[in-house]
Amino acid sequence: MTVHPAVAAAVADAHRREWAFVLAATVRVTRDLDLAEECVQDAYARALGTWGSTGIPGRPGAWLTTVARRRAVDLLRRDATARRVLPLLVTDPALAPGTGLADDGPGACALPGQASSAVASSAGSARPAGTAEAQIPDDRLRLVFTCCHPTLSDEAQVALALRLLCGLSTAEVARAFLVSEKTMAARITRAKKKIAAARIPYRVPPVAELPERVDAVLTVVHLLYSTGYAAPAGDELMRTDLAERSLDLARMLHGLLAGHHEVTGLLALILLTDARRDARVDGDGRLVLLSEQDRARWDTAKIAEGAALVREALGTGPPGRFTLMAAIAAVHDEAPSFADTDWAQIVGLYDVLMRRWPSPVVALNRAVAVGFADGPGAGLTDLDALAERPELAGYGYLSASRADFLRRLGRTDEARLAYQEALLLTENAAERAFLAARLDQLGP
Amino acid sequence: MTQYLILIYADEAAWAGATPDENAQLLKEHVEFGQRYESVIRGGNALQSAATATSIRPGPAGGSAVTDGPFAETKEALGGYYLIEAADLDEAVAVAKQVPTRFGGVEVRPVWDMS
């Protein structure tokens, strides 16, 4: 089968933009994640074959959803009993029993009554009314909250987010986390089994639980971004695929949960950090520190968008941790040069962040900022105060930061030891090359 | 509705050091928990200490090997359970969070529905 490049591109685009929407709407029919995934994959395969002759539909997501749901209904009719290996997903009483298309009616589009006021379903309202497809409800939030359920392990949550929300294959998810496909398949199967057997509900949590649950979702997306930003192991400093997928997810959540300012904060943080992506490595894949980056290579469009979002998030109440981290990133991004960075403001923002989110890693970053605001001696004093924290034992960035301050203070022997310690603590090839080069510069 | 078993694990060494007052307080909390969640509790018991346990595995030459002690030696031993009924895991976890625990925590497991 030859596929016209325009059709292939349209299907690929719909895969990236619409996967979560199509899958979430299909899960509503199947109440079974595996069956829904099978039907959605089938719909995308059909799109490749059909769109060449029928033309690319105006709303690919609606077309794909209709095809996937029709397929699901067919399969469910054909072997209603054979597929009952795992129990059906638990949904709101209004949705069950969910085997038919009976819930296609307009009334079924609404989120659970309690949650609808707190959750802006912008994507749903953007769809034109009057056609059958217009009534396909936007269930993406149900899928999001199911994937990022606090009773699943962190690693299961991030794997499910990539698999179910971004539509990555198990092989791709395995590659993203540098584990074997077999290991990742087992992890995903286990998580899906727990969702069904322990009855993790397929629904948007009630308003009272939303702040905590939204935070859990944001944590998953942030973890995904951090894993892509500074890959813990491997040859490349960043894994662009993960960074881009997490940006997609943050954008989707921003559309679905517009009223939550931390969602805005996280999108801003990812944009403002990602804006420096190209400048973080040189032509040979070597790490370039913020102080030495070519700021002309920063993505000004991302910086402008991120900075506007930070201001929006800061304007809507006491800032959360993602908003504060985004504000810090914005100060860096808007500084004309490293020397002209407003370090006092950065230390001030870290102080607020420490009150809101007192983690040892935040304390470490604050100490580094103090080193630039008040000199390496002051920074070193703060870093050494953290050396006793058990959470930071084995954390390579602490040794690397100490090494840098010691080097700038001319305490070469101690700097050498600290670089050697940092080298023992990272597996990332680009980071290792950087540390080894610094160690070389210190001389014998 | 699904049934969930809430398994209560506790550090028996710490528990053994509890004062009579502390024990009375814990018992009182369980009674209060039982009254508050009467409508969803389907059963529950406290167990004698792990030192009273007997484990049985298939024997090396067929038959059974009977040994003294719990199935797995852990710092926190199974000390009791509640059987509850809940619509989903969120509901079950909400109830389990209220189980009085002094020297450990609880584990929530869905009961396999054989019907």
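FYI, side chains are in, hydrogens and waters are out, and symmetry mates aren't considered; it's all heavy atoms of this structure. Residue numbers start from 1 in every chain, and the chains themselves are labelled A, B, ... in the order their sequence lines are given, proteins ahead of strands. Bear in mind the structure is a predicted one, so any value in this text is a computation, not a measurement.
- A 6.0 Å sphere centred on CZ of B/Arg42 holds more than 12 heavy atoms belonging to other residues, nucleotides or ligands.
- The side chain to side chain contact (heavy atoms under 4.5 Å, CB included) check on A/Arg389 picks up A/Pro360, A/Leu386, A/Glu391, A/Leu392, with sequence neighbours excluded.
- Other residues, nucleotides and ligands place more than 12 heavy atoms under 6.0 Å from the CZ atom of B/Arg102.
- In this structure, A/Arg199 and B/Asp113 have side chains that are not in contact, with every pair of non-hydrogen atoms separated by 4.5 Å or more.
- What you find for B/Pro110 and A/Ala198 is that their closest heavy atoms are CG-CA, 3.5 Å.
- Listed by sequence position, A/His149, A/Thr151 are the residues of residues 149-159 of chain A in contact with chain B, using a 4.5 angstrom heavy-atom cutoff.
- Separating the CD1 atom in A/Ile195 from the CG atom in B/Asp88 is a distance of 13.0 Å, to the nearest 0.5 Å.
- With a 4.5 angstrom heavy-atom cutoff, B/Ala87 touches chain A only via backbone atoms.
- Neither the backbone nor the side chain of B/Val111 has a heavy atom closer than 4.5 Å to any heavy atom of chain A.
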